Enquirer: 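Below is the structure I would like to discuss, written out as structure tokens.
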Amino acid sequence: MKVTSKLSLLGLVICSFILFGCKGDKAQKEAMEMKQSEAEQPLGADNIAHQWSEMAILATAHDTEKFKPRPTITSRFLGLTFVAIFDAWSRYDDKAIPVYLDGVDRRPQNERTLENKQIAVSYAAYRALNEYYYTDKKLFSAFMEELGLDPNNESMDPNTPEGIGNLAAKAVIEARKGDGANQYGEEEGSNGEPYFNYTGYEPVNSADTNVDPNRWQPKYFSDGKGGKFAPACLTPFWDRVEPVALTSGDQFRPGPPPKIGSEQLEKEVQEVVELQANLTDYQKALVEFMRDGPQSVQQAGHWLNFAQEVSKRDNHTLDQDVKMFFYNQVVAMDAFIASWDSKMYYDFARPFALVHEYYSGKTIKGWGGVGKGIIEMDGGQWRPYSPDTFLCPPFPSYTSGHSTISGGCAEALKLWTGSDEFGYETQLVAGAMTEPDNLGDTITLKFPTFTETANMAGISRVLGGYHIQSENIAGLELGRDVAREAWTFYKKHIGEE
């Protein structure tokens, strides 16, 4: 049982009563009880907010397996789940203001116990995750039962923690219908299919013909069965999704990328070719770690993982994790919207096509594919350092999504903790996710600061051949702009502005 027991709370009340005596001041006794309860609450990975974040990560990995990578969609799932958790928790805080929950009073001081917070947070998380990751309902129900909570309790009583949690999730779900994500196939121009492309976007180039080399060109992937297919653009309507903290997706739209004919683009494409031709084991490991391999949790989930490491490092309370995850994931969700605004506005080509444009007919060195290593090739055969089944992200390039989300979430963790220090490290075998028959050394990746972690994520996309440097630099700055704007939003909702 992870939820604080009523027996332990009763013990705290008795201890407090003995401490103050029968004639002690009631408010003072209640304050002491709360302090004792807070002092003894689970910390880091043991607090309920952290445990629900683990369920969200697991559900995101399952979503990737079931529906293929869809980082925009899962960023919204994660963002809204943590908004629901925050809104439920806010009713047990002195100053916090919910984002979508309305008409539910702040609970009196004597009800702001750890147990009530845990119950409210759990029902909010459970209902939100059930809505967004609906194929994992059994998983979530089992976890509720493990916590000693009834997954079938659908109370909407605003005077109980169960009711507040359910109401918070319902408020978020209802508020976000029709927000542009087309979750229910409800947007005008849709066909009723969830996430259908209701904008009618079609690339000007086909996988076989590149009529405008400045614009995005789809590329063929292996289907893993001897055939090939060219994926359509992923969620080309995501620039129309309503942000949580930003006023609009184009609020911080960067200036344009360099175009063919410019000296800058020629140099940046050359840089991509030269970097790939000289990839070290360390760089391969970095590319693979940031690409996020099998059971991927996408960029929002990746930065939720980093936030979890901060929680464990600093022994966070439930209150701290509710607030940190809320801010972190709102930044990730809004950063995806901002990145897609730029992607769809500029519709810019990826290095996959740009290298072909600049180097077809010329002999260069590059990665030849699984089992081939770095070889000499015609520039028209160049490809990213990526498996055949997912050669390159299927959407326009500028700005880099990895850079935007990483720049934003790194800045968010820096602002939230008040320090740039991170200190996380991980080990992996170079090539394991890309060329398993040609493994390199075991590499230790060290992330000393949040800023450096974002920079490493950004440069990994250039090293892998997915982006040019301009897209990385503009993305990092766009993400930081999102995080700073969302910080004002966050301070408002925790009642500090």
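Small disclaimer: the values here were computed from a predicted structure and weren't measured. Position 1 is the first residue of the sequence; numbering continues from there.
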Enquirer: Taking the side chain as every heavy atom from C-beta outward, state whether Lys284 and Glu435 have any pair of such atoms under 4.5 Å apart.
Expert: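 A side-chain contact exists here, since the closest heavy-atom pair is under 4.5 Å.
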Enquirer: Any non-hydrogen side-chain atom of Trp303 less than 4.5 Å from a side-chain atom of Thr453?
Expert: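 A side-chain contact exists here, since the closest heavy-atom pair is under 4.5 Å.
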Enquirer: Keeping Ser406 on the side-chain end and His402 on the backbone end, is there a donor-acceptor pair under 3.5 Å?
Expert: yes
Enquirer: Are Tyr466 and Arg291 linked by a side-chain donor-acceptor pair shorter than 3.5 Å?
Expert: yes
Enquirer: For Phe348 and His467, I'd like to know if the aromatic rings sit close, meaning centre-to-centre distance below 6.0 Å.
Expert: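 Phe348 vs His467: aromatic centres not under 6.0 Å.
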Enquirer: Can you confirm if the aromatic rings of Phe67 and Tyr195 lie within a centre distance of less than 6.0 Å?
Expert: no
Enquirer: Are side-chain N/O atoms of Glu496 and Tyr490 paired as donor and acceptor at under 3.5 Å?
Expert: no
Enquirer: Under the criterion side-chain contact (heavy atoms from CB on, under 4.5 Å), I'd like the reasoning laid out for Trp89 against Lys323: C-alpha separation, chi angles, the key distance, then a yes or no.
Expert: CA-CA 9 Å; Trp89 169 87; Lys323 292 186 285 187; 3.7 Å; yes
Enquirer: Indicate the atoms forming the closest heavy-atom contact of Gln217 with Ala353, along with that distance.
Expert: OE1-CB, 3.6 Å
Enquirer: Within the side chain of Asp437, is there an N or O that forms a donor-acceptor pair under 3.5 Å with the backbone of Gly371?
Expert: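 Looks like no, no N/O pair under 3.5 Å.
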Enquirer: Can you check whether Asn455 reaches Ile459 side chain to side chain, under 4.5 Å on heavy atoms?
Expert: no
Enquirer: State, without any angle test, whether Asn472 and Ser400 hold a side-chain donor-acceptor pair at a distance under 3.5 Å.
Expert: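 The criterion, which ignores hydrogens and geometry beyond distance, is not satisfied for Ser400 and Asn472.
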Enquirer: Just by modelled atom types, is the His356 backbone N or O under 3.5 Å from a matching donor or acceptor in the Ser360 side chain?
Expert: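 Present.
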Enquirer: Evaluate the side-chain proximity of Tyr346 to Arg253: yes if any heavy-atom separation is below 4.5 Å, no if none is.
Expert: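 Arg253 reaches Tyr346 side chain to side chain.
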Enquirer: If we only count heavy atoms from C-beta on, is the Trp367 to Arg383 side-chain gap below 4.5 Å?
Expert: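 A side-chain contact under 4.5 Å exists here.
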Enquirer: Using the rule given for side-chain contact (heavy atoms from CB on, under 4.5 Å), can you reason through Glu268 versus Val462, listing the C-alpha separation, both sets of side-chain angles and the distance that settles it, and then say yes or no?
Expert: CA-CA 9 Å; Glu268 292 194 20; Val462 182; over 6 Å; no
Enquirer: Tell me if a side-chain donor or acceptor on Gln51 pairs with a main-chain N or O of Asp46 at a distance below 3.5 Å.
Expert: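 Confirmed, Gln51 side chain pairs with Asp46 backbone.
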Enquirer: Answer yes or no: is there a side-chain heavy-atom contact under 4.5 Å between Asp250 and Asp239?
Expert: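 In short, these two side chains do not touch, never coming nearer than 4.5 Å.
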Enquirer: Can you find a side-chain donor-acceptor pair between Ser397 and Trp216 that sits under 3.5 Å?
Expert: no
Enquirer: Please report the shortest heavy-atom distance between His302 and Val297, naming the atom on each side.
Expert: N-CG2, 3.5 Å
Enquirer: Is a side-chain N or O of Lys446 found less than 3.5 angstrom from the main chain of Tyr424, in a donor-acceptor match?
Expert: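 Checking the backbone N and O of Tyr424 against the side chain of Lys446, no donor-acceptor pair under 3.5 Å is found.
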Enquirer: Under a 4.0 Å N-O cut-off, is there an ion pair linking Glu471 with Arg461?
Expert: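 Result for this pair is no, no salt bridge flagged.
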Enquirer: List the atom of Gln320, the atom of Asn315, and the distance in Å for their closest heavy-atom pair.
Expert: OE1-O, 4.1 Å
Enquirer: Check whether the side chains of Tyr220 and Asp208 place a donor and an acceptor atom closer than 3.5 Å, and report yes or no.
Expert: yes
Enquirer: One pair to check against ring pair (Phe, Tyr, Trp, His ring centres under 6.0 Å): Phe450 and Phe306. What are the steps and the verdict?
Expert: CA-CA 9 Å; Phe450 300 125; Phe306 288 149; 8.7 Å; no
Enquirer: Is a salt bridge present between Arg484 and Glu477, judged by a nitrogen-to-oxygen distance below 4.0 Å?
Expert: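 Glu477 and Arg484: salt-bridged.
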Enquirer: Step by step, work out the side-chain contact (heavy atoms from CB on, under 4.5 Å) result for Gln251 and Glu485.
Expert: CA-CA 10 Å; Gln251 187 174 352; Glu485 182 73 7; 3.2 Å; yes
Enquirer: Decide side-chain contact (heavy atoms from CB on, under 4.5 Å) for Met344 and Cys233; before the verdict, give the C-alpha distance in whole Å, the side-chain angles of both, and the deciding distance to 0.1 Å.
Expert: CA-CA 10 Å; Met344 302 317 300; Cys233 181; 4.1 Å; yes
Enquirer: Check whether the ring centres of Phe82 and Trp52 lie less than 6.0 Å apart, and answer yes or no.
Expert: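 No, the ring of Phe82 stays outside the 6.0 Å limit from the ring of Trp52, centre to centre.
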Enquirer: For a side chain to side chain contact (heavy atoms under 4.5 Å, CB included) with Ile260, tell me which candidate from Asp212, Asn214, Val269 qualifies.
Expert: Asn214
Enquirer: Quick one: do the Asp63 and Thr74 side chains pair a donor with an acceptor below 3.5 Å?
Expert: no
Enquirer: Quick one, Phe395 and Trp238 - any side-chain contact, counting heavy atoms below 4.5 Å?
Expert: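 Not touching, per the 4.5 Å side-chain cut-off.
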Enquirer: Using only atom types and a distance under 3.5 Å, with no angle test, would you say the side chain of Glu425 pairs donor to acceptor with the backbone of Thr444?
Expert: no
Enquirer: Can the positive tip of Lys219 be found less than 6.0 Å from the middle of the six-membered ring of Phe352, inside 45° of the ring normal?
Expert: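 Yes, a cation-pi geometry holds between Lys219 and Phe352.
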Enquirer: When you compare the side chains of Thr317 and Asp319, does any donor N or O come within less than 3.5 Å of an acceptor on the partner?
Expert: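 Looking only at side-chain atoms, Asp319 and Thr317 do not form any donor-acceptor pair under 3.5 Å.
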Enquirer: Under a 3.5 Å threshold, yes or no: a donor from one side chain and an acceptor from the other, between Tyr132 and Arg76?
Expert: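 Tyr132 vs Arg76: no donor-acceptor pair found between side chains.
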Enquirer: Within the side chain of Tyr198, is there an N or O that forms a donor-acceptor pair under 3.5 Å with the backbone of Glu186?
Expert: no
Enquirer: So, Asp87 side chain and Pro98 main chain: donor-acceptor pair closer than 3.5 Å or not?
Expert: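 Flag not set: sc Asp87 to bb Pro98 has no pair under 3.5 Å.
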Enquirer: Between the side chains of Gln298 and Thr60, is a donor N or O closer than 3.5 angstrom to an acceptor N or O?
Expert: no
Enquirer: Is a side-chain donor or acceptor of Glu411 paired with a backbone partner of Ala483 at a separation under 3.5 angstrom?
Expert: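 Judged by distance alone, no pair lies under 3.5 Å.
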Enquirer: Looking only at atom types and distance, does a side-chain atom of Lys137 sit under 3.5 Å from a main-chain N or O of Asn130, one as donor and one as acceptor?
Expert: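 Side chain of Lys137 to backbone of Asn130: no pair is present.
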Enquirer: Using a 4.5 Å cut-off on heavy atoms from C-beta on, say whether the side chain of Val482 contacts that of Pro243.
Expert: no
